[in-house]
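These numbers were taken from a predicted model, which means no experiment stands behind them. One-based numbering along the sequence shown. Computed from heavy atoms alone, side chains included, the values below leave out hydrogens, waters and symmetry copies.
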Amino acid sequence: MQGDGEVLFLGGVGEVAVTLGHDGLSFLPLHPELGSSCLSSIGLLPKLENKIKFSDVYAVELLDEGPVCGPWNTRIVAQGKKNSEMHRFAVHVITRSRKHPSQLVPCEYLFGHKDPETCKSWVEHLSACINNEQDRPKNLMVFVHPLCGKGRGCKNWEMVAPLFDRAKVNTKVIITERAGHAYDTLASISDKELKKFDGVVAVGGDGLFNEILNGLLNSRNKISYPPTPEGFGYFGSTEKCQGCRNDGLNNSTATSDAVNVMLRVGSNKSDDHEPLLSTGKSVVGLDISSLNPNTESSTGDQVPPVFFPNDWFRLGIIPSGSTDAIVLSTTGERDAVTSALLIIFGRRIALDIAQVVRWKSSPSAEVLPTVRYAASFAGYGFYGEVIRESENYRWMGPARYDFSGTMVFLKHRSYDAKVAFLENENSHSFAASAENVADEVQPLQSRRKRSRKTICQANCSVCKETSTPGQNSEDEIPNSSQTIHNNPKWIWSEGRFLSVGAAVISCRNERAPDGLVAEAHLSDGFLHLLLIRDCPLPLYLCRSICRHLTQFTKKGSDPLTFKFVEHHKTRAFTFISSHDESVWNLDGELFQACEVSVQACRGLVNLFASGPEV
């Protein structure tokens, strides 16, 4: 029936002959003299095309009987069907914004027919066609931070929830009630229960996403500890980190230590930053048959455990935070509707994650390896102090970061530290011995002209060259020392630093359209280590403020070309400081540590995204 070109009435066009193909729906106006309609001028309608691809359809909806408008730009009434009452169904599609290529705009085609069974038949056929795309999620767990970004969490979810309902995606919505709520839920949920979902979505900012990430990976990551150089106290450590945090936090002493080093405490506050603290409260809002991850099924069979990386589980973010760097870097748009549609369509990209192992929280503390994960950035010194200082000004909202950043900048604190990083064998990096590193280490930019940047984007060739995440079986997770280097060469850098940071992704934001590190990729297995050496405040002020801030806001500019800035592309690094209050900033979360080892875990998780369009 459909293959023969059945006649339907299309809103804004009139009668059309519709044909159902293997990859989409095509139609031909029967009265072209009436059909030079300007659909693109109507906000809810897409630009008129003669074909609707199934890959662009996010929902098909059977509607009640109602009016279907005839051609928009003609005074002629075709066969009395202008604004006629008829049975209807809608095909919901997406189109791209003309001004913002990465932004998706929901639109609809409204079809009508006098026979209700005809409309019902079309809906069934079209629904079956789009359901054949297996990547589209059916069940999602959604965490909504109600107070992040001045209350935008709940507002944004209320705005996009109808899209999920229309697409028939089941959502288990949990409104976070306290700090650590999402972390506790995911860290304690059984694998049997987790496998009921196709993914987890954060309606909030980078902090909530970090909490979800750590909750999932808490005991489900089999990657070894990061490699360490000779001379570091834990040289050659290759233990699996699966369960390492549990081993450290399942006793009263370790729990007390964890509470002391996680500085962000309290109830659910008006921001997207939440600590990874277990408060001991029961998990609210989710029916969990057992809190034991090794739950057996009702038949007595052992449920296969969930490990990362894997191919089926994905994470999503509907941006509602203060900066939303992860969303901007992975989708190109800080738009809740765009992110929701990417989730509904089941878009998929692999995302590198930084594994941060704290060996000691302070110089006098006992060695207690504790693992955290970061998706965008891990920073020490200035970066950590800004977050800690901002705690005193929560009443200011997002503006407190600018204020705190200025206050910390004027204090101009520097820290003695040693940093060792793996040389990138594919780049023209420099080498320096540990003995004279303070005198010989120079920024990469001073040794060679910076290479042309390859910006990460949708269908990125650089990310495609890397191995597909999850291609190893769960029993064949590679050892980190084998993955990174067979014979790693470490380069030491020692001195006083204003800050030490590692960007996992470009870290785009509205003030820096290209990001802090424009050439960072989403899944190439590398970190971008940024070492900001101590320098006189007037120099830092004049050269950093006057040039840095004016350049940083310009698209295509490079904020990493200053003489006191070192930029190294590496797979792993270690850090040692003798400072008693050494604080790291992991995706906006505070983490006290004076000795850490960090590595990039290539494609450790999958994200509901497709990369930014250029």
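- S329 contributes atom OG, which lies 10.5 Å from atom CG of D514 (distance to the nearest 0.5 angstrom).
- Residue L147 holds its CG atom at 12.0 Å from OG of S320, rounded to the nearest 0.5 Å.
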Query raised in the report: How far apart are the C-alpha atoms of L351 and L315, what are their side-chain angles, what is the distance that settles it, and do they pass the side-chain contact (heavy atoms from CB on, under 4.5 Å) test?
Result: CA-CA 10 Å; L351 188 65; L315 304 180; over 6 Å; no

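- Between the side chain of E211 and the backbone N or O of H181 there is at least one donor-acceptor pair closer than 3.5 Å.
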Report task. In sequence, state the C-alpha distance, the side-chain angles, and the governing distance for E158 and K155, and then conclude on salt bridge (charged side-chain N to carboxylate O under 4.0 Å, His left out). Result -> CA-CA 5 Å; E158 291 173 359; K155 293 179 182 178; over 6 Å; no

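- Atom CG in N156 sits 8.0 Å away from atom SG in C148 (nearest 0.5 Å).
- Side-chain N or O atoms of D587 include none that pairs as donor or acceptor with a backbone N or O of D206 at under 3.5 Å.
- Sparse packing is recorded around NZ of K53, with 12 or fewer heavy atoms of other residues, nucleotides or ligands lying under 6.0 Å away.
- Closest of all the heavy-atom pairs between S610 and I349 is CA-CG2, 3.5 Å.
- Between the side chain of D352 and the main chain of G525, a donor-acceptor pair closer than 3.5 Å is present.
- For the pair L10/F111, a side-chain contact is recorded, criterion being any heavy-atom separation below 4.5 Å from C-beta on.
- Exactly one of P67, P116, C119 qualifies for a side chain to side chain contact (heavy atoms under 4.5 Å, CB included) with R88. That residue is P67.
- The aromatic rings of H92 and Y58 sit tilted relative to each other, their planes meeting at an angle between 30° and 60°.
- I353 contributes atom CD1, which lies 8.0 Å from atom SG of C601 (distance to the nearest 0.5 angstrom).
- Contact of the W157 side chain with the F164 side chain is registered, since non-hydrogen atoms from C-beta on lie closer than 4.5 Å.
- Nearest heavy-atom pair across L20 and L25 is CD1-CD1, 4.0 Å.
- Across all their heavy atoms, I212 and F143 have their closest contact at CD1-CD1, 3.8 Å.
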Requested in this report: May I have the step-by-step check of side-chain contact (heavy atoms from CB on, under 4.5 Å) for L607 and F209, ending in yes or no?
Outcome: CA-CA 11 Å; L607 201 66; F209 182 79; 3.9 Å; yes

Query - Step-by-step salt bridge (charged side-chain N to carboxylate O under 4.0 Å, His left out) determination, D311 to R348 - result: CA-CA 10 Å; D311 286 328; R348 178 196 303 270; 5.5 Å; no

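- Taking the side chain as every heavy atom from C-beta outward, V200 and F313 approach each other to under 4.5 Å.
- No more than 12 heavy atoms of other residues, nucleotides or ligands sit less than 6.0 Å from atom CG of D64.
- In terms of heavy atoms, V517 sits closest to A503 at CG2-CB, 3.9 Å.
- For the atom pair OH of Y183 and CG of L213, the computed distance is 11.0 Å after rounding to the nearest 0.5 Å.
- A 6.0 Å sphere centred on CG of N459 holds no more than 12 heavy atoms belonging to other residues, nucleotides or ligands.
- How far CD1 of I189 is from NZ of K196: 8.5 Å, rounded to the nearest 0.5 Å.
- Using a distance-only test at 3.5 Å, with no hydrogens or angles considered, no donor-acceptor pair links the side chain of R136 to the main chain of I344.
- Here the rule is side-chain hydrogen bond (donor to acceptor under 3.5 Å, both in side chains) with Y373, and of N210, N218, N214, N221 only N221 fits it.
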Query raised in the report: Do D335 and H100 pass the side-chain contact (heavy atoms from CB on, under 4.5 Å) test, and can you show the C-alpha distance, the side-chain angles, and the key distance before you say yes or no?
Result: CA-CA 11 Å; D335 178 63; H100 305 282; over 6 Å; no

**Report entry** Derivation and outcome, side-chain contact (heavy atoms from CB on, under 4.5 Å), residues I343 and V169
**Finding:** CA-CA 10 Å; I343 295 170; V169 178; over 6 Å; no

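- Heavy-atom minimum distance, E333 versus V327: O-CG1, 3.1 Å.
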